[in-house]
2 protein chains.
Amino acid sequence: MAQPPPLPSPSSATIEDVARLAEVSIATVSRAIHTPEKVATSTRQRVNQAIAITGYTTNAMARSLRMGRSNMILVLAPDIGDPNFSSILVGLENEARAHGYGVLIGHTQNDPERGLDYLKFLNSNQAAGLLLFTGHAPFGHQTMTERLPPTVGLFEPVFNGQISYVGVDDTAGARKAAEHLLSSGHRRIAFIGESRTRLGHQRRRRGFDLALDAARIPATDRLVLEGDGTIESGRLALEQIFMRGEAPTAFMCVNDATAIGVVNGLSARGYELPRDMSVIGFDDIPQATYVHPPLTTIRQPRSAIGRQAMALLLQSLDGPARPPEDILIMPDLVVRGSVTLPPRR
Amino acid sequence: MAQPPPLPSPSSATIEDVARLAEVSIATVSRAIHTPEKVATSTRQRVNQAIAITGYTTNAMARSLRMGRSNMILVLAPDIGDPNFSSILVGLENEARAHGYGVLIGHTQNDPERGLDYLKFLNSNQAAGLLLFTGHAPFGHQTMTERLPPTVGLFEPVFNGQISYVGVDDTAGARKAAEHLLSSGHRRIAFIGESRTRLGHQRRRRGFDLALDAARIPATDRLVLEGDGTIESGRLALEQIFMRGEAPTAFMCVNDATAIGVVNGLSARGYELPRDMSVIGFDDIPQATYVHPPLTTIRQPRSAIGRQAMALLLQSLDGPARPPEDILIMPDLVVRGSVTLPPRR
DNA sequence: ATCATCCATGTAAAGGTTTACATTGTGCGA
DNA sequence: TCGCACAATGTAAACCTTTACATGGATGAT
């Protein structure tokens with residue numbers, strides 16, 4: 001008859017249980033786990049057996065308390081639903097896992113109270129490193145970075161550039177987008193989504209200007225409208241343009257959400273796209289494929305950003321402190337159906 | 001002249017620093033924080049002052065280690081990008097926060113290895129409770145639930161119903177959807193997304209059958225196609241229907257993603273919707289608004305589910321153990337543009 | 001004046017690890 | 001045979017809290 005399997009201890013086993021069973025001291029158990037070469041083979045075997053029987057797993061909390069450092073990385077995002085977020089996460093996690101780190105996610109909702117909760121988490125050494133999504137400084141801007149563990153920003157700089165960040169080369173990407181419109185023959189182009197606060201969006205504006213400068217399009221021929229990067233803001237900007245009565249032949253939008261707003265607005269006004277108007281976005285979010293027409297846009301190299309950001313973070317965890325470093329990855333143009341030649345006058 | 005502000009200790013202050021400064025014992029400090037009524041007013045003031053000066057925040061890890069329980073809730077999801085997830089999260093977090101708990105998110109990607117990492121996290125008492133998204137059992141199905149902290153499932157039952165879950169009443173919701181199609185005059189209706197594994201989807205199928213039974217639609221008039229709930233699966237099922245040459249007048253899809261696949265497929269074949277075909281979905285994901293035509297669907301009461309699930313979890317944290325309990329919330333029909341009368345023959 | 005209460009505070013243990021240092025025992029060279 | 005080096009293991013402190021229990025002093029009743 002088969003023996004019933006050994007009962008796993010109801011509340012999980014401690015290192016002491018293992019030591020007792022293996023008839024060694026707890027120090028030896030710890031060594032058998034972390035520096036096996038310092039333990040005699042026979043002892044090691046007994047310990048491993050005892051671990052198997054008890055089902056022991058080391059209490060990460062006690063471990064971190066003692067070591068003053070955990071092996072978790074905290075990723076803080078203002079909005080988990082951000083379509084950029086979920087795809088970047090996989091890159092982050094793969095890289096972390098390869099180095100023995102786990103990833104936890106915190107959702108701040110741009111609420112400083114919540115940010116503070118996570119700050120306490122960090123101050124208790126419950127995470128060894130911090131990743132900040134989309135340039136938000138979740139603890140209020142005055143936070144001293146000295147109290148934080150090693151930190152890397154994702155997509156946008158944080159804390160006035162006091163820390164490293166990994167992002168896309170917004171200027172170059174935007175320039176590619178604008179050049180695509182120019183080379184399709186457009187001359188009157190509107191830029192939708194001017195921002196005073198978001199650096200990335202400012203850079204995209206700059207890329208737009210660089211391309212149009214190079215093509216010698218006079219500044220007076222450029223329409224620039226403000227927007228906060230939401231679908232609604234795209235629609236709104238469109239209204240303003242039509243109120244002024246100066247319709248361009250193409251729209252370059254600061255991101256895909258804005259572009260979707262513009263596309264919807266144009267369709268609602270009876271324009272047939274892309275015959276009557278061309279629209280280009282930035283980001284390549286999943287929805288970009290499902291708009292009609294599918295959006296031509298600039299693709300965020302998401303998994304590359306995730307991988308590099310985590311790699312950078314892990315370096316500063318293990319290695320010595322290094323000066324902040326900005327890594328910009330070049331994005332690519334994705335041609336779909338929303339850009340064609342301008343209509344004949 | 002203003003004094004320079006007191007330097008915050010470089011590595012964060014411990015309770016001992018506070019005690020020294022306030023000239024009391026660490027026990028008194030702890031009491032001043034947690035049971036202030038047991039500390040003399042004057043002492044309490046001195047302690048509070050010392051806390052302010054040192055910038056002390058209690059080390060959550062040491063606290064949890066001592067108390068054998070933390071005040072964090074872990075939410076485990078196979079796919080953070082799931083459009084249901086982000087909106088449910090807010091409900092969860094609000095409820096948790098109101099009771100002094102924080103929320104951390106783990107992304108399992110349906111990878112048992114990652115699941116195991118989070119299991120270690122739990123076994124170290126780093127989270128007091130667990131929330132499982134979409135019926136996935138991230139540690140492999142054989143895991144003994146005894147080792148887990150109090151756990152509640154979201155949307156679908158987990159561990160064969162051994163734990164409570166909060167979800168939508170899929171059967172009733174699907175019935176509402178089917179009845180909407182019936183009352184619009186449809187008689188030949190296809191159900192897209194039959195599943196052998198996902199219970200929620202099976203229930204939706206059942207709601208479909210109940211409605212059609214009640215309307216005395218013979219079983220032979222019902223088309224049922226398999227699908228795994230992805231956009232692609234919707235498109236695929238559509239192909240099969242056309243290959244068989246038995247087009248219905250309406251499609252009831254197991255979820256919105258499937259419905260989007262069907263809508264795209266129909267448009268690609270030149271059908272004009274909703275004139276030629278009606279389509280109804282389930283879930284009401286954000287994209288449902290941006291398809292053409294906007295999708296009529298059944299709305300998941302997301303924030304209610306989040307709130308209730310967290311409330312249920314918190315109850316079993318504080319109160320005594322209770323038997324597993326299933327809470328089903330009734331979803332509502334959202335009428336948009338994808339359902340009309342069937343075309344005349 | 002004596003004693004019992006009670007309030008405010010301190011002492012010390014416990015929670016589960018890791019690791020510097022101390023101890024033991026073995027083998028080897030002289 | 002002695003002593004030394006080194007390998008294997010054990011002892012105990014430290015990480016930072018919380019809390020049961022002990023202590024001391026003041027208050028009030030008798």
Side-chain angles (χ1 to χ4, degrees), chain A residues 9 11-48 50-51 54-72 120-128 149, chain B residues 9-48 50-51 54-72 100 120-126 128:
Chain A
S9 48
S11 67
S12 70
T14 78
I15 200 174
E16 209 142 354
D17 300 328
V18 176
R20 200 168 17 244
L21 197 59
E23 298 179 297
V24 293
S25 76
I26 60 170
T28 302
V29 176
S30 180
R31 275 189 290 254
I33 294 170
H34 298 103
T35 52
E37 71 280 4
K38 292 193 178 177
V39 168
T41 317
S42 63
T43 325
R44 201 186 324 151
Q45 285 173 343
R46 255 183 309 141
V47 171
N48 286 336
I51 289 179
T54 54
Y56 170 76
T57 64
T58 119
N59 182 318
M61 203 159 42
R63 176 173 216 269
S64 303
L65 176 60
R66 170 62 222 243
M67 310 248 289
R69 141 204 256 276
S70 84
N71 56 111
M72 284 284 169
K120 284 181 194 166
F121 188 81
L122 292 166
N123 278 341
S124 305
N125 289 325
Q126 291 189 89
Chain B
S9 50
S11 67
S12 68
T14 77
I15 200 174
E16 208 143 354
D17 300 328
V18 177
R20 201 172 12 249
L21 197 58
E23 297 180 297
V24 294
S25 76
I26 59 170
T28 302
V29 176
S30 180
R31 275 189 289 254
I33 295 171
H34 297 104
T35 52
E37 70 281 5
K38 293 193 176 177
V39 168
T41 316
S42 63
T43 326
R44 201 185 327 154
Q45 285 174 343
R46 254 183 310 141
V47 171
N48 286 336
I51 290 179
T54 54
Y56 170 75
T57 64
T58 118
N59 182 318
M61 204 158 40
R63 175 173 217 272
S64 303
L65 176 60
R66 169 62 223 244
M67 310 245 290
R69 140 203 256 276
S70 84
N71 56 112
M72 285 284 169
K120 284 181 194 166
F121 187 80
L122 292 166
N123 278 339
S124 306
N125 288 325
Q126 292 189 89

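Protein chains get the first letters and strands the later ones, always in sequence-line order, with residue 1 at the start of each. These numbers come from a predicted model, not from an experiment.
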Query raised in the report: Which letter, B, S or -, goes with each nucleotide of nucleotides 18-27 of chain C from 5' to 3', with contact meaning a protein heavy atom under 4.0 Å?
Result: BBB-------
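By the 4.5 Å heavy-atom criterion applied to side chains, A/I15 and A/T58 are not counted as neighbours. The shortest distance between side-chain heavy atoms of B/D17 and B/R20 falls below 4.5 Å. Put simply, the side chain of B/S70 does not reach to within 4.5 Å of the side chain of B/N125, judged on heavy atoms.
At whole-Å resolution of the value, CG in A/N59 and P in D/dC16 are 16 Å apart. Rounding to whole angstrom units, CG of residue B/N71 and C1' of D/dT18 are separated by 14 Å. Rounded to whole Å, the distance from CD on B/Q45 to P on C/dT9 is 12 Å. Rounded to an integer number of Å, the gap from A/E16 CD to C/dA14 C1' is 11 Å. As a whole-Å value, the separation of B/M61 CE from D/dA14 P is 18 Å. Atom pair B/Q126:CD and C/dG16:P shows a separation of 14 Å (rounding to whole Å applied). Atom-to-atom, CZ of B/R69 to P of D/dT19 comes out at 12 Å; the value is rounded to the nearest Å. Counting to the nearest Å, the C1' atom of D/dA8 and the CD atom of A/E23 are 16 Å from each other.
Of the inter-residue distances, the one linking A/N48 atom CG with A/I33 atom CD1 reads 8.5 Å to the nearest 0.5 angstrom. Separation of atoms NZ (B/K120) and OG (A/S12) is listed at 13.0 Å; rounding is to 0.5 Å. Here CD1 of B/I26 is found 8.5 Å from OG1 of B/T14. Values are rounded to the nearest 0.5 Å. The OG atom of A/S64 lies 12.5 Å from the CZ atom of A/R66; values are rounded to the nearest 0.5 Å. To the nearest 0.5 Å, atom CG of residue A/N71 and atom CZ of residue A/R63 are 6.5 Å apart.
Distance from the side chain of B/V39 is smallest for C/dT9 among the nucleotides D/dG10, C/dT9, C/dG10. Here the nucleotide nearest the side chain of A/T14, chosen from C/dG10, C/dG16, D/dT9, is C/dG16. Residue A/A62 has its side chain nearest to C/dT17 when only C/dT17, D/dT9, C/dT9 are considered.
With hydrogens and angles ignored, the 3.5 Å screen pairs a side-chain donor or acceptor of A/R46 with a backbone N or O of A/A22.
Applying the 4.0 Å criterion to OP1 and OP2 of D/dT9, one finds that A/T43 has a side-chain N or O inside that range.
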Detail all sub-3.5 Å separations between protein N/O atoms and N/O atoms belonging to nucleotides 4-7 of chain C.
none

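Of the two residues contacting DNA chain C, namely B/L65 and B/R44, the nearest-nucleotide position lying further toward the 5' end is that of B/R44.
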